[in-house]
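Working notes for the structure below.
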Amino acid sequence: FVIFSFFIFTKVGTSFFPKADKPLFRILVDLPEGSNLESTEKTVDKIEAILLANEEVDYVVSNIGHGNPHIYYNMSAKEYSNRHADILVNFKSFDVVDFKRSIDLLRDTLATIDETQIVIKEFVQGPNADTPIHIELQSDNLSQLKNYASVVERELKMTTGVKNVVNQLAYNTIDLSYNINKEKAIQRNLQI
């Protein structure tokens, strides 16, 4: 019996931190840098319309400009940002096969929304981990780094089984830095 059980153990799929088997999941929405709250809200409205058209969805809770409150023991909320939204989706019932199929279809549908990074996160047991795979690239040349990052992103998206690929360099960002002349500011009665 012991030998037989070891043989069966090798054939059964295992996971160190299994999925939570709950009819809940989150959709994390990030618009490009510089997007305002109004454009984030419009994007969330589109996503909510897609979700609510699905008969399996019981309810949807959206937080625009910040993450959901602490709703599961190992998930933390994201800081405030005009270009971020966090959507909690609850299905009416839970069946592992149907749930996975619905999420895969939803992922394909939401991928059609342009200029938006959308990540669907299922609840899992264990410690809080952003992603199972995290790749970091380093270079002193920003344009070269963007090229390498886009190559890695493209290869990962073509790899079977890989989902929610996020490239932080996919969108151009604008960083402004300024130096205030304190003497001139005080002369004009500006408080710093």
Side-chain angles (χ1 to χ4, degrees), residues 25-51 60-89 106-107 109-124 126-159 162-192:
F25 62 94
R26 293 168 67 196
I27 301 175
L28 305 178
V29 180
D30 284 297
L31 273 67
E33 196 74 43
S35 299
N36 60 18
L37 205 55
E38 185 180 335
S39 56
T40 305
E41 187 174 0
K42 286 179 182 176
T43 303
V44 169
D45 288 343
K46 287 181 196 173
I47 295 169
E48 284 179 346
I50 292 167
L51 291 168
V60 175
V61 178
S62 300
N63 282 292
I64 301 167
H66 58 87
N68 281 316
H70 191 79
I71 52 176
Y72 195 63
Y73 77 94
N74 65 357
M75 288 191 170
S76 56
K78 185 170 179 165
E79 296 295 319
Y80 290 90
S81 170
N82 286 342
R83 61 187 196 91
H84 177 75
D86 194 339
I87 303 169
L88 175 68
V89 183
L106 185 62
R107 226 178 236 118
T109 304
L110 296 180
T112 62
I113 298 175
D114 291 333
E115 295 293 314
T116 306
Q117 286 184 349
I118 298 174
V119 175
I120 296 177
K121 291 192 82 160
E122 295 178 59
F123 290 77
V124 295
N128 184 9
D130 282 340
T131 58
I133 300 172
H134 182 86
I135 299 173
E136 281 190 32
L137 304 174
Q138 294 181 353
S139 174
D140 293 334
N141 184 332
L142 184 59
S143 63
Q144 188 179 48
L145 186 63
K146 282 185 176 187
N147 289 337
Y148 290 149
S150 66
V151 168
V152 171
E153 177 186 17
R154 190 170 43 253
E155 289 296 321
L156 286 172
K157 284 183 175 178
M158 291 189 308
T159 304
V162 175
K163 302 170 189 165
N164 296 328
V165 177
V166 175
N167 178 359
Q168 298 294 337
L169 295 175
Y171 303 108
N172 291 329
T173 59
I174 299 171
D175 292 333
L176 300 175
S177 70
Y178 54 90
N179 187 7
I180 297 174
N181 185 325
K182 292 182 182 182
E183 290 178 18
K184 288 185 179 181
I186 291 171
Q187 289 173 358
R188 292 184 169 82
N189 293 325
L190 297 174
Q191 293 183 2
I192 301 173

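Interatomic distance, CD1 of I118 versus OG1 of T112, reported as 8.0 Å (0.5 Å rounding). Residue D45 holds its CG atom at 6.5 Å from CD1 of I64, rounded to the nearest 0.5 Å. Here the straight-line distance linking atom OG1 of T109 with atom CD1 of I50 works out to 6.5 Å at 0.5 Å rounding. A distance of 10.5 Å separates CG in L28 from CD in Q117, rounded to the nearest 0.5 Å.
For E183, the side chain to side chain contact (heavy atoms under 4.5 Å, CB included) test picks out N181, with sequence neighbours left out. With sequence neighbours excluded, no residue forms a salt bridge (charged side-chain N to carboxylate O under 4.0 Å, His left out) with K46.
At least one side-chain heavy atom of I135 sits under 4.5 Å from a side-chain heavy atom of L156. Inter-residue side-chain proximity for I113 and V29 is flagged as unmet; no heavy-atom pair is nearer than 4.5 Å. Counting heavy atoms from C-beta outward, L31 and N82 have side chains that stay 4.5 Å or more apart.
In this structure, Q144 and S139 approach most closely via the heavy-atom pair OE1-OG, 3.4 Å. R107 approaches I120 most closely through the heavy-atom pair NH2-O, 3.4 Å. R26 and D86 make their closest contact through NH2-OD2, 2.6 Å (heavy atoms, listed as atom of the first residue, atom of the second, distance). The minimum heavy-atom distance between R83 and P32, with the atom names listed, is CD-O, 3.5 Å. Closest approach of G65 to L37, counting heavy atoms only: CA-CD1, 3.8 Å. When all heavy atoms of V60 and E48 are compared, the closest pair comes out as CG1-CG, 4.1 Å.
Side-chain atoms of S39 and N36 include a donor-acceptor pair closer than 3.5 Å.
The backbone N or O of E41 sits nowhere less than 3.5 Å from a side-chain atom of T43 that would complete a donor-acceptor pair.
Applying side chain to side chain contact (heavy atoms under 4.5 Å, CB included) to I27 and the options L88, V119, I87, V44 leaves one that passes, I87.
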